Every structure is written in C-alpha cells, then in structure tokens.
Amino acid sequence: MAASNSNPVRIVPLGGLGEIGLNLLVIECGQSAIVIDAGVMFPEERAFGGGLLIPELTYVEEARLKIEGVILTHAHEDHIGALPYLLKRFPVPVYGSEITLAFTRRNLIEDEFTGADLRKISPGMVLSLGPFEIEPIRVTHSTPDSLALAIRTPAGVIVHSGDFKIDPAPVDGVMFDTERFARLGAEGVELLLSDSTNVERTGRTGSESSLKPILRELISRTRGKFFLSSFSSHLHRMRQVTEAARDAGRYVVPLGRRMAESVRLGMETGQLNFPAGTFIDRAEADFLEPHKLAFLASGSQGEPLSALARLATDTHPQIRVEENDVVVLSSRFIPGNERTINTLVNHLYKRGAEVFYDAVAPVHVSGHASRDELAEMIGLVRPKCFVPIHGEYRHLSRHVALAIEAGIPERNCFLLEDGDTIIMDGGEIRRGRVVEHGRLMADGDELGDPDLLRERRALAHDGTVIAILAISAKTGKIVAGPDLLSRGVANGDGTSAHLARAKAELTGRINRLIKADGANEAQLKEEMVRALRHYFSDVIGKRPIIIPYVMEV
Ligand SMILES: [Zn+2]
Ligand SMILES: [Zn+2]
C-alpha cells in the first residue's frame, strides 16, 4: 500500500529498549493501537528484596487509544509476564501461538485472572486489527512456537523480529522461515525492529540440538542421580534431556510445581511427546535406584525457594544430592545473579555432586541471534529504516552500527530508548515526542516498593544513626543528650571518635538554634538530621539514614 500523509503510524516503545526484559511496544495509527508483548523484568538488586518490575502504562491510559489487541511473540516471562497487569486496565483480546497461549493461560490462572480472551494465531494466517494487518512468521528461539510479526500499516510494512536466532537444526524440526522474510524484503519493508540481546557475540549462536551429544555423554557417565536445571519454559532443552535420559534407561522426574506444570503443557502441546511412564512423580522415584533417575529442577538462576536451591542446601523435603550425583545448570547466568548462583554451585559441591555449567562445559546454547545472524536478518528484510529492540543501551548502539555496516543509511537508523517515539509518514520516518514511561513494581507488592528498596540499600551501604535529645518543656533547653546510637557507621561500644565528634558538633548547633529564638520539635529534628548528615558525609563519605528523636520532659 502506498504511504499517505493522512495516516501516520507511530511506534512507541514502553519497555525493552534500554534493558533486557520488560518488553512492550505500542504501534498506533489514528486512535487505534496494537500492543506487542507485555513482559516483566527482574530487578537488578534482588539482594534487597525487590519483586518483579513491569512497564508503566500511563501513556496508554492518557492517550485514550483504542487497543485492538495484544500480540505475544513467545512464551518467555519478559514478553508475557506483565499481561495480567495490562489486561486489568485494558481487557482486550490477546493473540499468540498455541504454546505461548498455553503458558499465558497458566500465568493468568496463577494470578487468579479470569475471563481473558485468548486467540490463537499461527504462521500463514493474517490477522486484521483496525488499520493493521498482522502476519505471524516462524522464528527459532529457546522456547517453541516463537513468532516474528509482519505488520502492514497505512504507512508501510513493519517487521518485528520477536526474540530469535536462526537455528539450522531446531529440536522440533520447525525451521526459521528464511523464505518468508526474503519475500517480505522483496515486497518492500519500511521498518525492521530487531532483537539486540546477543549483538556482542561474533559469528552464529549455534543450534540448540548441538547440546544433545553433550547431555547424552554427561548422563551416560553419571553413576548416581542426574539433575538438570533450566528455565521451565525451555521445552526444547527439556525434550533433549528427556531423550538422553530415556536412552540411558532413566525415568524423568519434574521437581517443583512450575516444572511439573511445564512438563504437562509440553505433553499437551506435543512438544514432549514421549511414551507414558517416561515422566514419573517424585513419590515414585523413592522406589528407584539413583542411576534410574533424572530430575528436571527449576532454579537455575539461584531463586531462593526453588527446587535447586533446596537441593543445594539439603533442605529439600524428599530428594538429596549426594556423592556420584551430577548437576547441570543449563542456562546463562543472568547478570546480577552470578554471586547467588556461584554460592549455589559451591553448596552442590559440598553435597558431593559434580556440577557442570556454562563456564566449565558447553551445557547451554543461547536462544538469541549473534552478529552474523543479525546481519542475515537485515539482509533478508532489507528494510528502509531500522530500530534495534530488546537490549541495554550498549546493545542497541552496537546493533545500529551493525545495521549501518549492513548497508542501512545512518540517517535511517534510530536508536530509541523507552518512551522515545518515531512516526512513519509519507514514506519517511522522523522522531516524535518523548512519552511518559517507567518501571513499576508488580501489583500488591508492598515489600518491593521502590522507596523501601532505596532505604534498604542505604541501610546496607551507609548504616543508620539514631540521635536522641531531651529538652525541657518549660525552658526549651537541653536536659539530656544528644546521644547518638549507630549501626553500620561507627563502633557501637562508645569508643568511636567519629560519634564523639559528631555529638560535639550537634550539641553546638542545637544550642545555637535554641539560643537564637527557641525551637520547636520539628525544627530540632531538622537541624539534627542536617548536622549529622553533613558531618558523616564530609568526614567519612557516608550518607547514613538519620533518625532523630526529641523528647520533651
Ligand atoms: Zn525470549
Ligand atoms: Zn526476550
């Protein structure tokens, strides 16, 4: 369709451009809009107890858009996890492939969200939503049934890659649809939005199926029990380890509710198509020799309450990791989780197990395209304009450089962050205004409130000082104190020179304040905070949390 001035199309990323996770993109034309993905993100500082983050939707609310539907590219939490939150505000139809919807349905049930209108889409069909025509295209990724999207709009064709790699030998035999991308390229694509996660890696990512011989080898060498931990949505990986376990005469035991659910979804959708009796209950495992067992355990990121964490600390109620057992952590260590995972590996070694993970053995393959595949995508689609998506700023920046290398003119490459917009209009693309965006804690999680997190962080890094002062109700003069107590700042045994000096300075300042023209409680407290904050930040370079306490006697 020819581009026309009367129907500009606006691209509004509200998450996933500037971080890995939180993916959510709005495409609008007039008052109509579609949303692509609605994902969550793990907070960077899990140590301080933050919950999941979700993208802020103020913009969508205030723009009063008619959302025609949400289209999900695949089943990962960073693409579907924020859906309950989105649907509570905008109860619109949700479109996704069969497996994506199966995982979505499970999430919604866990969230006690009923009444979602889930509609299946698959490659080869075209979905009409308002002014948009959406065609799902098959891509390969670490969860089956993943899609890219070709979106026909009044301002031209947009291709959204979803998360992808170009797997030459996918585990389920369902190939990346090179031909379809090439045909779209021949027809003319105005804009390509492409996954940037692995842009720092040279070459090609390699096939998921390359893991099979390695898993087979590890299982055959294992004398005791075999454990594999991966994301519970990684049905390809679960399928491969199950095949290898079966061949070695082992039964497969899913550990943990989420893993058991995933196995059930895998069986229902034909992804884990094994004879009855391949998967057994944990209770049945009690009667079998260790060398007859392979376990699928959640918790490869060191999640504190997961099956793997319990096994590592020997607090799992039924299963123990022992001498001769082998544990495989078949996933990437997500940045920020390394310390926790390393501790977990240490614990597993203490139990007597041998542990394999990415750094010591090739037990993981990424689901995201490396540079050569990213260049191939650009070469197939040959878009006029390019916007990198799904990545931190450095990934997006490198992906722009790669696109320029691949022949896209620099002026047609747009490095957008969340809230930055572009407008496709009359065969041209230009930047639009920046819209409101941000991250929120998932609903109802008071303990994960950002202010509380900030406080916990300050307490951990800089400690706290409590100042107590008693003044006479009659004269307003100091009766006792100020006394200082501290935690994490200075010695608490009364020998600290810093506390003594801080106290002297504080006493002086309070006396001056009282002498000037008396002082009320609020003024005293303010002065106590100000004086102590000054002292500690100037003298020891710390900003402890100051808690002033004034008593009238
Ligand atoms: Zn993904
Ligand atoms: Zn993703």
Side-chain angles (χ1 to χ4, degrees), residues 13-25 35-44 52-55 70-83 86 96-104 106-107 136-149 159-167 170-172 174 176 193-201 205-208 230-238 262 265-266 271 300-301 330-337 364-370 373-374 377 387-396 399 418 439:
L14 294 178
L17 277 70
E19 63 259 306
I20 303 268
L22 213 76
N23 300 297
L24 192 150
L25 183 89
V35 172
I36 300 176
D37 290 335
V40 291
M41 181 178 167
F42 291 104
E44 284 113 47
L52 289 173
L53 298 169
I54 50 180
V70 181
I71 302 125
L72 304 173
T73 58
H74 64 287
H76 281 151
E77 287 297 316
D78 58 326
H79 297 258
I80 67 171
L83 196 63
L86 180 81
S97 64
E98 185 184 1
I99 289 173
T100 305
L101 292 187
F103 278 92
T104 301
R106 176 187 73 181
N107 272 10
I137 305 170
R138 175 63 62 212
V139 292
T140 42
H141 184 44
S142 42
T143 195
D145 222 358
S146 293
L147 301 172
L149 304 168
V159 171
H160 184 295
S161 74
D163 277 356
F164 79 100
K165 69 172 176 180
I166 305 178
D167 191 331
V171 170
D172 57 6
V174 182
F176 177 94
L193 305 150
S194 188
D195 176 15
S196 313
T197 311
N198 268 356
V199 70
E200 291 173 338
R201 298 201 190 174
T205 297
S207 177
E208 172 66 26
S230 74
F231 284 121
S232 64
S233 59
H234 206 325
L235 293 176
H236 294 319
R237 187 99 9 119
M238 288 151 71
S262 293
L265 291 179
Q271 290 292 323
S300 56
Q301 294 304 314
S330 194
S331 62
R332 184 172 77 104
F333 291 13
I334 291 179
N337 298 345
H364 173 64
V365 178
S366 169
H368 297 274
S370 298
E373 293 153 272
L374 294 173
M377 177 62 104
V387 170
I389 56 172
H390 305 170
E392 293 177 22
Y393 195 86
R394 67 175 201 275
H395 302 119
L396 305 178
H399 205 177
D418 298 341
R439 304 168 179 180

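Only a predicted model underlies this, so the values are computations on that prediction, with no experimental measurement involved. Only heavy atoms go into these numbers, but all of them, side chains included; no hydrogens, no water, no symmetry mates. Just follow the structure's listing: the first ligand is 1, and inside any ligand the first atom is 1.
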Could you point out which residue of H236, H234, H76 forms a ring pair (Phe, Tyr, Trp, His ring centres under 6.0 Å) with H141?
-> H76

Sort out for me which residue in H79, H74, H368 forms a ring pair (Phe, Tyr, Trp, His ring centres under 6.0 Å) with H390.
->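 So the option named by the test is H79.
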
Name whichever N, O or S atom of H76 ends up nearest to the Zn ion (ligand 1).
-> ND1

Can you tell me if an N/O/S atom from H74 lies under 2.8 Å from the Zn ion (ligand 1)?
->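 Yes, within the cut-off.
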
Identify, by name, the N, O or S atom of D163 lying closest to the Zn ion (ligand 2).
->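 When I compare the N, O and S atoms of D163, OD2 is nearest to the Zn ion (ligand 2).
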
For S142, does its backbone N or O pair with a side-chain atom of R237 as donor and acceptor, under 3.5 Å?
-> no

Whether S331 side chain and S230 backbone form a donor-acceptor pair below 3.5 Å = no

Could you please compute the angle at the Zn ion (ligand 2) from OD2 of D78 to NE2 of H79, rounded to 10°?
-> 100°

